[in-house]
Amino acid sequence: MLNRRRFLQRGLAASFVVSPLFQRVNATAVASKEPVVISTWNHGMPANEVAWKVLQSGGTALDAVEQGVRVPEGDPEVMSVGFGGRPDRDGHVTLDACIMDDKGNAGSVSFLEHIKHPISVARLVMEKTPHVMLSGDGALEFALQNGFKTENLLTEEAKRQWEAWKEQSDYQPEVNIENHDTISMLALDQQGNLSGACTTSGLAYKMHGRVGDSPIIGAGMFCDNEVGAAAATGHGEWVMRTVGSFLVVELMRQGHSPQEACEEAVMRIVKLKPNFDEVQIGYIAISKAGETGAYCLHPGFNYALYRDGQNKLIDADAYVK
Ligand code: GLY
């Protein structure tokens with residue numbers, strides 16, 4: 001883990017001595033032309049396979065992340081994303097997603113129902129509207145106007161689990177620290193450009209109307225093509241309170257490695273919430289040079305990293321040992 005004193009010393013040095021800071025930023029800003037894709041959790045493995053094909057054929061990082069995260073969105077066995085996602089406490093499957101390209105363009109949808117691929121709606125918000133985010137009925141209307149079809153996203157299995165939950169829940173939203181969550185994906189393409197995507201059905205059995213970090217640019221995901229990109233998974237309220245993904249990218253801009261930046265973003269949450277037993281947070285990050293990092297609060301978060309022709313599932317280092 002990044003030594004806190006060393007981190008603070010480094011930050012102080014950077015604020016008083018300008019030229020070394022610029023040297024460090026310049027060093028990380030050299031773009032790699034070797035494609036890399038990194039994504040959260042086990043469901044990142046099949047998602048990475050699809051993203052990698054796009055990158056290998058010379059496609060853009062933007063196409064790679066959209067095509068990649070559509071895989072878990074369409075898979076009913078992934079019960080925290082898209083079709084088959086666990087509903088809110090009233091039985092509605094409500095979806096959040098965002099996407100960001102290498103030019104700083106961003107699109108997002110929140111509280112969207114009945115549409116299997118919210119990431120593709122988010123991309124259209126980015127490309128076809130003057131806005132960044134559409135929500136609820138407005139997002140649905142926009143999706144339908146653009147050829148998306150409504151579908152029932154509540155599978156029999158998700159409904160069965162929700163009904164069992166209702167019997168003993170006391171109708172309280174549940175903190176989800178299980179090993180399945182948001183898919184966040186970051187990619188670097190052969191042109192040396194970065195993009196990111198993030199999509200989820202959010203906390204299982206959340207309050208109706210709750211929106212998490214995933215559609216919030218800078219919280220659930222952030223991409224700055226000069227520096228790097230970062231994305232989050234886990235308990236979104238804490239990611240929002242600390243603007244986690246933006247924080248990770250800004251730390252990289254100051255010269256920290258993706259690993260150090262992810263560690264510091266988790267430390268911010270530890271500082272804010274010393275009693276963090278019920279909170280799980282994981283970050284992934286990639287620099288413009290193709291260096292990657294990942295870190296989480298509790299052990300159990302893994303991520304899929306595809307580089308040099310190999311797709312690997314890796315356990316992230318955790319703050320709690
Ligand atoms: N990170 C997903 C959520 O909190 O909704």
Side-chain angles (χ1 to χ4, degrees), residues 1-4 6-8 10-11 14 21 24-25 27-29 32 36-41 44 61 65 98-102 104 106 108 181-188 194-198 200 212-273 276 279-297 301-305 314 316-319:
M1 183 172 48
L2 175 63
N3 175 294
R4 193 153 179 83
R6 184 162 56 86
F7 176 80
L8 288 172
R10 195 188 284 192
L21 173 64
R24 265 205 302 272
V25 171
T28 57
S32 168
V36 182
V37 57
I38 181 169
S39 62
T40 53
W41 301 110
V65 295
C98 78
I99 194 161
M100 204 165 175
D101 73 7
D102 56 294
S108 109
D181 199 283
T182 308
I183 179 145
S184 294
M185 177 180 279
L186 311 169
L188 180 67
L194 292 161
S195 291
C198 181
T200 189
D213 60 312
S214 301
I216 311 292
I217 299 296
M221 191 271 296
F222 190 69
C223 176
D224 182 326
N225 200 44
E226 283 187 355
V227 177
T233 179
H235 196 156
E237 279 71 7
W238 290 97
V239 177
M240 284 191 273
R241 287 178 183 121
T242 52
V243 201
S245 295
F246 182 73
L247 173 63
V248 172
V249 172
E250 288 307 298
L251 287 165
M252 290 196 280
R253 188 191 306 282
Q254 289 168 24
H256 297 286
S257 69
Q259 183 62 33
E260 290 170 345
C262 290
E263 291 177 14
E264 176 57 17
V266 168
M267 287 305 295
R268 297 280 171 104
I269 294 166
V270 170
K271 233 169 108 183
L272 275 182
K273 185 164 171 52
F276 48 74
V279 175
Q280 171 65 311
I281 302 289
Y283 285 109
I284 55 172
I286 184 168
S287 72
K288 184 78 174 166
E291 228 190 329
T292 56
Y295 198 63
C296 57
L297 190 44
F301 166 53
N302 55 17
Y303 64 100
L305 177 63
I314 301 169
D317 194 11
Y319 174 75

For Ile217 and Ile99 the tightest heavy-atom approach is CD1-O, 4.2 Å

Separation between CD1 (Ile281) and SG (Cys262), nearest 0.5 Å, reads 12.0 Å

When every non-hydrogen atom of Gly196 is compared with those of Met221, the smallest separation belongs to O-CE, 3.2 Å

>> Would the distance check show the side chain of Glu291 and the main-chain N or O of Ile286 forming a donor-acceptor pair, the cut-off being under 3.5 Å?
In response: no

On a heavy-atom basis, the closest approach of Phe222 and Asp224 is CE2-CB, 4.1 Å

request  = Ignoring hydrogens and angles, tell me if any N or O in the side chain of Asn225 forms a donor-acceptor pair with the backbone of Gly228 under 3.5 Å.
outcome  = no

Rounded to the nearest 0.5 angstrom, the CD-CD1 distance for Glu264 and Ile269 is 10.5 Å

Scanning both residues in full, the closest heavy-atom pair of Leu186 with Ala229 reads CD1-O, 3.5 Å

Worksheet item: Got a donor-acceptor contact below 3.5 angstrom from the Ser214 side chain to the Gly220 backbone?
Response: no

The reported gap from CD1 in Ile284 to SG in Cys296 (rounded to nearest 0.5 angstrom) is 12.5 Å

Leu305 and Ile38 have their tightest heavy-atom pair at CD1-CB, 4.0 Å

Check your understanding: Is there a donor-acceptor pair closer than 3.5 Å between any side-chain N or O of Ser245 and the backbone N or O of Ala219?
Key -> yes

*Are Gln254 and Glu250 linked by a side-chain donor-acceptor pair shorter than 3.5 Å?*
no

For this session: Test Asp213 against Trp238 for side chain to side chain contact (heavy atoms under 4.5 Å, CB included), laying out the working first.
Result: CA-CA 8 Å; Asp213 60 312; Trp238 290 97; over 6 Å; no

From the list Thr233, Asp181, Asn302, side chain to side chain donor-acceptor pair (under 3.5 Å) partner of Trp41 resolves to Thr233

- Message: One thing to verify: whether Arg241 and Glu237 come together as a salt bridge, which I'm taking to mean a side-chain N less than 4.0 angstrom from a carboxylate O.
- Response: no

Taken to the nearest 0.5 Å, the spacing of Ser108 OG from Ile216 CD1 works out to 6.5 Å

- Query: Is there a donor-acceptor pair closer than 3.5 Å between any side-chain N or O of Asp317 and the backbone N or O of Tyr295?
  - Reply: no

| request: Keeping the roles fixed (side chain from Thr182, backbone from Ser184), state whether a donor-acceptor pair exists under 3.5 Å. | output: no

All heavy atoms of Ala265 vs all of Leu247, minimum pair found to be CA-CD2, 3.8 Å

